[in-house]
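Okay, structure first, notes after.
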Amino acid sequence: MPFFAYKGRNTYGELVRGVLEGVNSGAIADQLFNTGVTPVEIVVTRKPATASDAGWSVRLVEGKVTEIDVMMFSRQMYTLLKAGVPILRALSGLRESAHSLAFKRVLGDIRESLDTGREMSVALRRHPKIFSTFYVSMVRVGEATGMLEDIFLRLFYYLEFEKNTRDQIKSALRYPSFVVIAITIALVVINLFVIPAFAKVYNSIKVELPLMTRILLAVSDFTVHYWPAMLVAAIGVFIGFKIYVNSRSGKYRWDKAKLSLPLAGSIIMKATLARFARSFSLAYKSGIPIVQGLSVVALVVDNDHIGSRIEQMRNSIERGESILRTAMAAGVFSPIVLQMIAVGEETGELDSLMQEVAEMYEREVEYEVKKLSDKIEPILIVGLAVIVLVLALGVFLPIWELGSAMMHRGG
């Protein structure tokens with residue numbers, strides 16, 4: 001994506017400058033508005049050469065900033081600010097104690113930005129790949145309300161939930177992934193080496209082979225002669241798929257399709273809605289206006305299909321419709337969630353009720369992730385049994401028939 005240099009005014013009327021990456025100038029303007037900056041000028045520019053932008057050799061040595069680095073930064077900032085440590089001294093101390101060289105460099109750049117008079121949110125916005133738009137928006141709210149330390153604590157819990165959910169899903173998929181990889185390698189070895197060895201025996205028999213055997217020999221022969229083309233085609237399909245899902249329309253269609261995947265679709269849906277509910281609750285409780293909060297949350301849910309529905313909600317609320325009506329029109333929430341939104345709107349406790357919605361979805365996600373392996377294992381066992389049966393019938397049936405024929409001749 002292209003880079004844009006911008007000039008704007010923050011909430012205090014001060015002139016701020018910077019460079020952001022985005023699809024177009026409109027997307028950059030939306031990012032700036034979401035973080036409290038009114039853009040004055042936005043022009044296309046080259047990729048900025050900042051302190052956070054190092055050469056490939058430097059990045060190779062120091063590694064990358066991980067989500068754990070950002071989590072611990074949030075928790076430590078809460079502790080230091082709550083203890084009354086000035087923010088510049090807190091950043092200096094964290095920079096000295098940081099184990100990650102990449103994050104140490106980022107903290108140094110943030111410290112330098114604050115020295116020049118920039119706000120914390122503006123300094124964080126210089127690193128969009130590390131601090132999301134939601135993170136920056138929350139920090140800006142903390143600066144405006146004087147609750148910066150509480151915001152850092154809420155961000156820590158939010159990031160912790162995100163990491164735990166991803167780790168649970170990875171853990172559930174680890175064993176099935178190993179089994180699928182092992183089966184794939186076994187099939188490749190059988191097609192390239194085992195079946196061709198049996199083919200020599202079959203050719204010497206000079207008898208009509210069963211249909212299953214002829215199919216296996218044809219597949220093996222094709223694999224042996226055209227495996228380089230098959231490998232190139234597989235790599236091409238993989239690269240083409242990655243390019244497609246990285247495009248705007250491709251990502252939207254893939255994000256929508258993921259919600260309908262067997263076994264995993266419901267988990268992805270519930271995890272996405274849990275992320276929405278927790279993010280919305282956090283933004284609403286922190287004092288972000290609903291319209292602006294929904295704009296930021298739409299970028300956080302990490303699903304373009306759900307994000308478009310949230311933006312649809314935001315547009316309807318801007319026209320004066322209620323949150324309940326817009327949520328019903330979105331068509332992605334269960335009746336229980338809609339009921340919670342209705343009660344929250346009536347009682348003014350929307351943030352706490354949305355927090356309960358998030359916790360409900362989180363419990364369901366945790367339960368379904370634990371059961372995911374139990375659901376996948378029978379499918380893998382049946383698939384493995386079918387493969388073994390096909391190979392046994394195709395490879396050994398002619399040998400059994402030959403043995404039977406020789407025994408009859410001998411009799």
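All residue numbers refer to positions in the sequence shown, counting from 1. Note that these values count all heavy atoms, side chains included, but never hydrogens, waters or copies made by symmetry.
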Criterion ring-ring contact (aromatic ring centres under 6.0 Å, His included) on W254 and Y244, from CA distance to verdict: CA-CA 9 Å; W254 172 236; Y244 176 72; 9.0 Å; no

Pair T326, Q312: side-chain N/O donor-acceptor within cut-off below 3.5 Å: no

Sidechain N-carboxylate O distance under 4.0 Å for K270, E362: no

Test: D167 and K163 ion pair at under 4.0 Å: yes

Test side-chain contact (heavy atoms from CB on, under 4.5 Å) applied to V390 and L216, step by step: CA-CA 9 Å; V390 169; L216 287 178; 4.2 Å; yes

Working for side chain to side chain donor-acceptor pair (under 3.5 Å), residues R111 and S92: CA-CA 7 Å; R111 174 73 165 75; S92 297; 2.8 Å; yes

R95 versus K104, closest heavy-atom pair with distance: O-NZ, 2.8 Å

Non-hydrogen atoms of V365 and A271 that approach each other most closely: CG2-N, 3.5 Å

Donor-acceptor side-chain pairing of S322 and R325 below 3.5 angstrom: no

Exam field: side chain S281 to backbone A277, donor-acceptor pair closer than 3.5 Å: no

With R154 via salt bridge (Lys or Arg N to Asp or Glu O under 4.0 Å) - residues at least two apart: none

Y78-F156 aromatic ring centre distance below 6.0 Å: no

Proximity of F333 and Y361 rings by center, below 6.0 Å: no

Parallel, tilted or perpendicular: ring planes of F131 versus F103, cut at 30 and 60 degrees: tilted

Side-chain heavy atoms of V43 within contact of F4, under 4.5 Å: no

Side-chain donor-acceptor distances from residues 221-235 under 3.5 Å, at least two apart:
residue, atom, partner, partner atom, Å
D221, OD1, H225, ND1, 3.2
T223, OG1, V219, O, 2.8
H225, ND1, D221, O, 2.8

Polar side-chain atom of D304 near backbone of K251 as donor-acceptor pair, under 3.5 Å: no

Residue pair T272, H305: steps toward the side-chain contact (heavy atoms from CB on, under 4.5 Å) verdict: CA-CA 10 Å; T272 303; H305 176 63; over 6 Å; no

Sub-4.5 Å side-chain heavy-atom contact between H127 and I110: yes

Any donor-acceptor pair under 3.5 Å from D69 side chain to V65 backbone: no

Between R314 and S295, a side-chain donor and acceptor under 3.5 Å: yes

Test item: side-chain donor near acceptor, S74 and Y135, under 3.5 Å: yes

